[in-house]
Enquirer: 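My structure is below; once you've seen it, I'll send some questions.
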Amino acid sequence: MYIILLLVSFCASAAGAVCGIGGGVIIKPVLDAMNIADVSSISFLSGCTVLSMSCYSVGKAVLAGESGIERHTGTPLALGAAFGGILGKNLFSLLRELSAQPERVGGYQSVCLALVTLGTLAYTIFQPGIKTRRVEGRAACGVIGMVLGVMSSFLGIGGGPINLAVLYFFFSMSAKTAAQNSLYIILFSQTASLLTTFIARSVPLFEPPWLAVMVAGGILGGMAGRALNRKLSEAQVALMFKGLMLLIIGVSCYNAAGYLT
């Protein structure tokens, strides 16, 4: 099991660091499919792994002077995402409490993730014919970031493809620039979400060695993904992103069927 968790967290984090999707969007549905723990525990483990990877990737890029973060828009987005992360975490907890069958919440997460990813894939395919915008206002950036934070925290995925689609459309960013800004947003939203969990003393039960292995995999994946990102072209990053979305849709549909039937 340790080897499997290490491989999943490493591969997902490496892909996430390249494309800017955080890795949680892969870790969460894959671990759900393995049925190794309940949805709350998997969301927590996934969130910690994504946070470790994004901390490394963003921190390393800043220290190396290679950061592509557009601070005038990226920081309001990130702060909005932090607030949204808290709201999304509370929404998830409320839904579990109100549900007669709490485990079915995993099914709702899977359905939402499949739909969001499908919509993002459709946008990515037709993107060349879609006119993008260039949002500059801090208030508008904050609201957009809040929506992203709510979605990522509620779904337990850290960030996901929706971050990139939003950055493409509303801010006219290239694939690599969007990837770095997406990780910056994920860093804030996941930090806020996990701090809320600790403050509320609602940390779910999990195997501590699993967390250590997955965080190690997240950091190592961030290192590998950062190195790979510098070697790939914009077109190759975009192609990899589309392939990952197809994988996420397939696994999410499988999980939804398992939870809801």
Enquirer: With a cut-off of 3.5 Å and sequence neighbours excluded, list every side-chain donor-acceptor pair involving residues 241-251.
Expert:
none

Enquirer: Hey, could you give me the CE/NZ distance between M223 and K60, rounded to the nearest 0.5 Å?
Expert: 7.5 Å
Enquirer: For M240, does the CE atom have more than 12 heavy-atom neighbours from other residues, nucleotides or ligands under 6.0 Å away?
Expert: yes
Enquirer: Partners of V30 by side-chain contact (heavy atoms from CB on, under 4.5 Å), sequence neighbours excluded?
Expert: V8, I26, M34
Enquirer: What residue pairs, at least two apart or across chains, pass salt bridge (Lys or Arg N to Asp or Glu O under 4.0 Å) with a residue in residues 106-134?
Expert: E70-R134, R134-E136
Enquirer: side-chain contact (heavy atoms from CB on, under 4.5 Å) with L95: which residues, sequence neighbours excluded?
Expert: V105, Y108, F154
Enquirer: For S54, check side chain to side chain donor-acceptor pair (under 3.5 Å) against everything at least two apart and list the hits.
Expert: none
Enquirer: Tell me the salt bridge (Lys or Arg N to Asp or Glu O under 4.0 Å) pairs involving residues 119-130, sequence neighbours left out?
Expert: none
Enquirer: Quick one: are F171 and N181 in side-chain contact, heavy atoms under 4.5 Å?
Expert: no
Enquirer: Got more than 12 heavy atoms from elsewhere within 6.0 Å of OH, Y254?
Expert: no
Enquirer: My understanding is that only residues two or more places apart in sequence, or in another chain, count here; which of them pass side chain to side chain donor-acceptor pair (under 3.5 Å) with Y168?
Expert: none
Enquirer: Could you tell me whether the side chain of I185 reaches within less than 4.5 Å of the side chain of L167, counting heavy atoms only?
Expert: yes
Enquirer: Would the number of heavy atoms belonging to other residues, nucleotides or ligands and lying under 6.0 Å from CD1 of I3 be above 12?
Expert: no
Enquirer: Nearest 0.5 Å, please: how far is OG in S9 from CD1 in I4?
Expert: 11.5 Å
Enquirer: If only atom types and distance count, is the side chain of N255 paired as donor or acceptor with the main-chain N or O of P29 below 3.5 Å?
Expert: yes
Enquirer: Any side chain to side chain donor-acceptor pair (under 3.5 Å) pairs touching residues 214-228, not counting sequence neighbours?
Expert: E66-R226
Enquirer: Is there a path of hydrophobic side-chain contacts, each under 4.5 Å between heavy atoms of I/L/V/M/F/W/Y residues, joining V116 to L91?
Expert: yes
Enquirer: Tell me whether L194 shares a hydrophobic cluster with V150, the cluster being built from Ile, Leu, Val, Met, Phe, Trp, Tyr side chains joined at under 4.5 Å.
Expert: no
Enquirer: Is it possible for you to say whether F92 and L195 belong to one hydrophobic cluster, with membership spreading through side-chain heavy-atom contacts below 4.5 Å?
Expert: no
Enquirer: First locate atom CG of L77, then atom NE2 of H72, and finally report the distance between them rounded to the nearest 0.5 Å.
Expert: 10.0 Å
Enquirer: S193 side chain to S189 main-chain N or O, any donor-acceptor pair under 3.5 Å?
Expert: no
Enquirer: Which residue in the set L31, L51, D32, I27 passes side-chain contact (heavy atoms from CB on, under 4.5 Å) when paired with S46?
Expert: I27
Enquirer: Taking only residues two or more places apart in sequence, or in another chain, which ones meet S40 in a side chain to side chain donor-acceptor pair (under 3.5 Å)?
Expert: R96
Enquirer: I need the full list of side chain to side chain donor-acceptor pair (under 3.5 Å) pairs touching residues 73-95, with sequence neighbours left out, sorted by first then second residue.
Expert: T75-Y184, K89-T197
Enquirer: What pairs with A238 under side-chain contact (heavy atoms from CB on, under 4.5 Å), at least two apart in sequence or on another chain?
Expert: none
Enquirer: Which residue pairs pass the side chain to side chain donor-acceptor pair (under 3.5 Å) test with at least one member in residues 111-123, sequence neighbours excluded?
Expert: none
Enquirer: Quick check: are there more than 12 heavy atoms from other residues, nucleotides or ligands sitting under 6.0 Å from CG of L205?
Expert: no
Enquirer: Does any part of the side chain of Q109, heavy atoms only, come nearer than 4.5 Å to the side chain of K28, both counted from C-beta?
Expert: yes
